[in-house]
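Worksheet: one structure, shown below.
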Amino acid sequence: MGNLVELKLHGSIALIMLDNPPVNAMSFAVRQGISDAIGKAVSNADTRAIVLVGKGRCFCGGADIREFGQPRKEPFLSDVINLIEGCQKPVIAAIHGTAIGGGCEIALGCHYRIGDASARFGQPEIKLGLLPGAGGTQRLPRLIGIEPALEIILSGAYLGAEQGKALGFFDEIVEGDLTQKAVLFAERLLSEGKGPRPIRDMKIHKDKAEQIFAAAHAKASKRARGLIAPERCIEAVESALRVTVEEGLALERKFFDELVRSDQSKAQRHLFFAERQARKIPGVPADIPARAVRKAAVIGCGTMGRGIAMSLANGGVPVTVLDMNQDALDAGLSAIHDTYARSVSRGSLAQPDMDKRMAIIDGATDYAGIGEADIAIEAVFEEMELKKQVFATLDEVCKPGAILATNTSTLDVDEIAAVTSRPGDVIGTHFFSPANVMKLMENVRGRETSPEVIATVMKLTKDIGKVGALVGVCDGFVGNRMLYAYTRQANFLLEEGALPHEVDKVLYDFGLPMGPFAMGDLAGLDVGYRVRQHRRKTKPSNDRYSPIADRIVEMGRHGQKTGAGWYRYDKGNRKPNPDPEIEKLIIGVSRELGIERREISDREILERCLYPLVNEGAKILEEGIAIRPSDIDVIWIYGYGFPRGRGGPMFYADLIGLDTVYKAMSRLHEQHGDMLRPAPLLEELAKFGKKFSDLAS
Ligand code: 3HC
Ligand code: NAI
């Protein structure tokens, strides 16, 4: 079995060490190795207790996700855990770093658990569209109670050493050499005459079970719309109260097998690897030294500047926010304070954490204060001349080696970089609104951006808890360029016969947080209006253009902020109400354009909006603007709320089949002309029966 699992027999304690870098995932060889090692320790007459530890960065990162979907090989993880739990000699898990998923379940199979201060545990399976499949739903509630167990299983969150100790997951948290301490712990157990303590024999506490499960069902249906895994998790935990451990384990296994085959889980597993793959940049070797980012500056304390400053502070990076306008700065800093305070009052942030974050954010109105920043992120108004002025100043005041980043959503990063003496240090860091919440950073590489700067920004992205994808320069970059392709068709559908709420409903039912019209009202319709007016002046074109959105803005309806946009809003209420006035406007525009309104089916709405989105993604790949299809999926999941269970637009297209998408696009092309011409890459992949995921990355 190679030596992925090492067994050391000395004296009364047997030490089993997992050694499967990087995260000691429970591959077949590791499961086999543990089984063999347990067998030897059990049959060795001198051994009286067994300690299980992980080498390297953590105890265990769970089942080997790469093996999912392949034929299962015995011993299964649950067999190994049953073997450990049934062992007649006490088994102790000694945990450092993470013990998650199957790794947490292995620890639950052990009779005792100790950890050091770095220890974290959790059941993240739900994030892969699964449920804990090796006993977690049966053992965790027995050990720590149904309420915290459900919370851990349904959130997928990792808990730390102290929380684990308070909940009774850890018997002890130790300092110093963990293995040594585990051996001492084992010897103490033996001297006290303590033996195995299988969790399966523990009594489950049923207090308030009914309310707890009712609350869990309610939360799951709200938070995880359309996903199957959360309900399965709840059902499996519920079974622990009703049936024997054996029956509970069998039910859990049945659910796991069903989920692991589901498209939803395939999609979420794809995303797990996609996120990590996105960090790998051709031409930027993994060992390239990233520059240290100890201090940051944000220029502009408006909507985005505030969120960016909070994102940095949340990740522990001290930040100075600069605004030319003292009132804007004061308003921005107090908005930051209020946002944190709301999190504290909701219970999602502890007061000391808020204090720590506020203490590392300060304001300035003078560039002199930011000369020492390792990175300056510009978020001033979206005007090229202004951005050029700001970058010329940053170039003057920032120390050599400082990275100059722009949060522009549409402007040419190369043109901005050209006004500096260090275009190699210039990069785009495109955050999404609200920047303190949305996880995506669409990082934009300019023509001259250096590999070191890319490596630094990609690392910073991860360090502050965001998910990054690197893209090239083009109008709208990847996300907004594709969004435009999608909203444009949604607008044409209105001219042809649909109404905003009909289009929005189809996309909401597909799983998006809202459809394009509700989203426009939320973002503010005036923003897009200004971009369109500018584009019409600078790049006039004869392409089909829908005037409806412009007319709505010209009526003074800028979306939720003015109480009306595509919809009408009651005061203090974000619920969009269809508005007869807008219906009249739309029907009037159809008449003006000589378009005969027709019945538009839900299917047509879905295809007409989503396929052009995918088609634009294919063009972006052809042009090399995105490195790989899975990066586009990452962008759409974390920047636009594309449903996780669909895996992102490119994965979704692969699932339905590129041939189907291509045929539909060809049909749309015939009906509506050149704007819907299938991308050559889509055509080629479809012709050869291939998928986007077959493209090398
Ligand atoms: N299986 C296979 N590969 C895994 C893995 C796993 N369970 N966990 C991590 N990896 C790989 C990653 O893909 C990555 O590979 P790469 O270097 O080739 O890109 C490498 O390990 C390092 O991962 P990270 O970059 O994420 O490293 P970090 O140090 O930042 O984080 C971690 C480590 C906290 C373990 C993080 O990887 C993580 O949260 N993993 C989640 C794993 C998970 O979901 N486990 C549950 C699996 S399902 C299960 O156990 C079912 C069971 O109930 C039966
Ligand atoms: P905003 O109008 O809310 O804020 C801009 C701030 O910049 C204002 O506080 C203003 O006082 C300040 N400012 C202007 N000139 C300045 C200068 N010379 N020096 C210092 N401060 C200056 O704008 P918003 O929405 O925050 O947008 C900022 C940038 O982020 C733009 O490039 C925009 O395209 C981009 N962006 C915006 C998103 C959004 O949803 N609002 C999403 C992603 C990117």
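We count ligands from 1, going down the list as the structure has it; atoms in each ligand are counted the same way.
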Do the non-hydrogen side-chain atoms of [X] and [Y] ever get within less than 4.5 Å of each other?
X    : Y    : result
I152 : I144 : yes
L18  : I34  : yes
V30  : N24  : no

Item to check | Evaluation steps, salt bridge (charged side-chain N to carboxylate O under 4.0 Å, His left out), between E67 and R31 | outcome: CA-CA 13 Å; E67 286 183 359; R31 301 194 303 268; 3.1 Å; yes
Checklist entry - When you measure from the centre of the six-membered ring of F272, is the NZ or CZ of R276 under 6.0 Å away and within 45° of the axis? => result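 Yes.
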Next on the checklist: Could you check whether R232 makes a cation-pi contact with F255, meaning its NZ or CZ is under 6.0 Å from the centre of the six-membered ring and within 45° of the ring axis?
Outcome noted: yes
Checklist entry - Side chains of N436 and T339: is there a donor and an acceptor less than 3.5 Å apart? => result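 N436 vs T339: no donor-acceptor pair found between side chains.
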Next on the checklist: Would P124 count as a contact residue for ligand 1, given that I'm defining contact as a non-hydrogen atom of the residue lying under 4.0 Å from a ligand atom?
Outcome noted: yes
Of the backbone atoms (N, CA, C, O) and the side-chain heavy atoms from C-beta on, which set of [X] has a member under 4.0 Å from an atom of ligand 1: side chain, backbone, both, or neither?
X    : result
Q123 : neither
E105 : side chain
K462 : side chain

Show me which atoms of ligand 1 lie under 4.0 Å from any heavy atom of [X].
X    : value
G62  : 50 (O)
G101 : 46 (C), 50 (O)
R279 : 25 (O)
L128 : 44 (O), 47 (C), 48 (S)
F273 : 13 (O)
E125 : 48 (S), 49 (C), 50 (O), 51 (C), 52 (C), 53 (O)
P132 : 53 (O)
Y158 : 38 (C), 39 (O), 41 (C)

Identity and separation of the nearest protein heavy atom to [atom]:
atom                    : answer
atom 42 (C) of ligand 1 : G61 O, 3.3 Å
atom 1 (N) of ligand 1  : I65 N, 2.9 Å
atom 16 (P) of ligand 1 : K280 NZ, 3.4 Å
atom 6 (C) of ligand 1  : A63 O, 3.5 Å
atom 24 (P) of ligand 1 : R276 NE, 3.6 Å
atom 31 (O) of ligand 1 : R57 NH1, 4.4 Å
atom 21 (O) of ligand 1 : P22 CG, 3.3 Å

Would you say [atom1] of [X] has more than 12 non-hydrogen atoms from neighbouring residues, nucleotides or ligands within 6.0 angstrom?
X    : atom1 : value
K561 : NZ    : yes
R574 : CZ    : no
R66  : CZ    : no

Checklist entry - Out of Y640, W636, F477, Y638, which residue meets the ring-ring contact (aromatic ring centres under 6.0 Å, His included) rule with F432? => result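 Among Y640, W636, F477, Y638, the one that satisfies the ring-ring contact (aromatic ring centres under 6.0 Å, His included) with F432 is Y640.
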Checklist entry - How would you list, by chain and number, the residues with a heavy atom under 4.0 angstrom from ligand 2? => result I299, G300, C301, G302, T303, M304, L322, D323, M324, A328, Y367, A379, V380, F381, E382, L386, K387, V390, N407, T408, S409, H430, F431, S433
Item to check | Closest contact, heavy atoms only, Q138 versus G248 | outcome: OE1-CA, 3.4 Å
Checklist entry - Which pair of heavy atoms, one from L271 and one from G647, lies closest together, and at what distance? => result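 Between these two residues, the closest heavy atoms are CD2-O, 3.6 Å.
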Checklist entry - Between I126, T137, I106, I100, which one has a non-hydrogen atom sitting closest to atom 32 (C) of ligand 1? => result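 Comparing heavy atoms across I126, T137, I106, I100, the nearest one to atom 32 (C) of ligand 1 lies in I100.
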Next on the checklist: Going by the closest heavy atom to atom 2 (C) of ligand 1, which one wins out of N20, D64, V23, T98?
Outcome noted: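 When every heavy atom of N20, D64, V23, T98 is considered, D64 comes closest to atom 2 (C) of ligand 1.
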Checklist entry - Less than 4.0 Å between atom 19 (O) of ligand 1 and some protein heavy atom, yes or no? => result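 Yes, because at least one protein heavy atom sits under 4.0 Å from atom 19 (O) of ligand 1.
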Checklist entry - For E415, what residues pass the side chain to side chain contact (heavy atoms under 4.5 Å, CB included) criterion, not counting sequence neighbours? => result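 Only M384, K388, D412 meet the side chain to side chain contact (heavy atoms under 4.5 Å, CB included) criterion with E415.
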Next on the checklist: Check this for me: does any side-chain nitrogen of one of E382 and R530 sit under 4.0 Å from a carboxylate oxygen of the other?
Outcome noted: no
Next on the checklist: In terms of relative ring orientation, are F68 and F256 parallel, tilted or perpendicular, with 30° and 60° separating the classes?
Outcome noted: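 Answer is perpendicular, since the angle exceeds 60°.
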Checklist entry - Which is it for L394 and T420 under the side chain to side chain contact (heavy atoms under 4.5 Å, CB included) test, yes or no, and what are the steps along the way? => result CA-CA 8 Å; L394 288 174; T420 72; over 6 Å; no
Checklist entry - With only distance considered, is L131 within less than 3.5 Å of ligand 1 through an N or O on each side? => result no
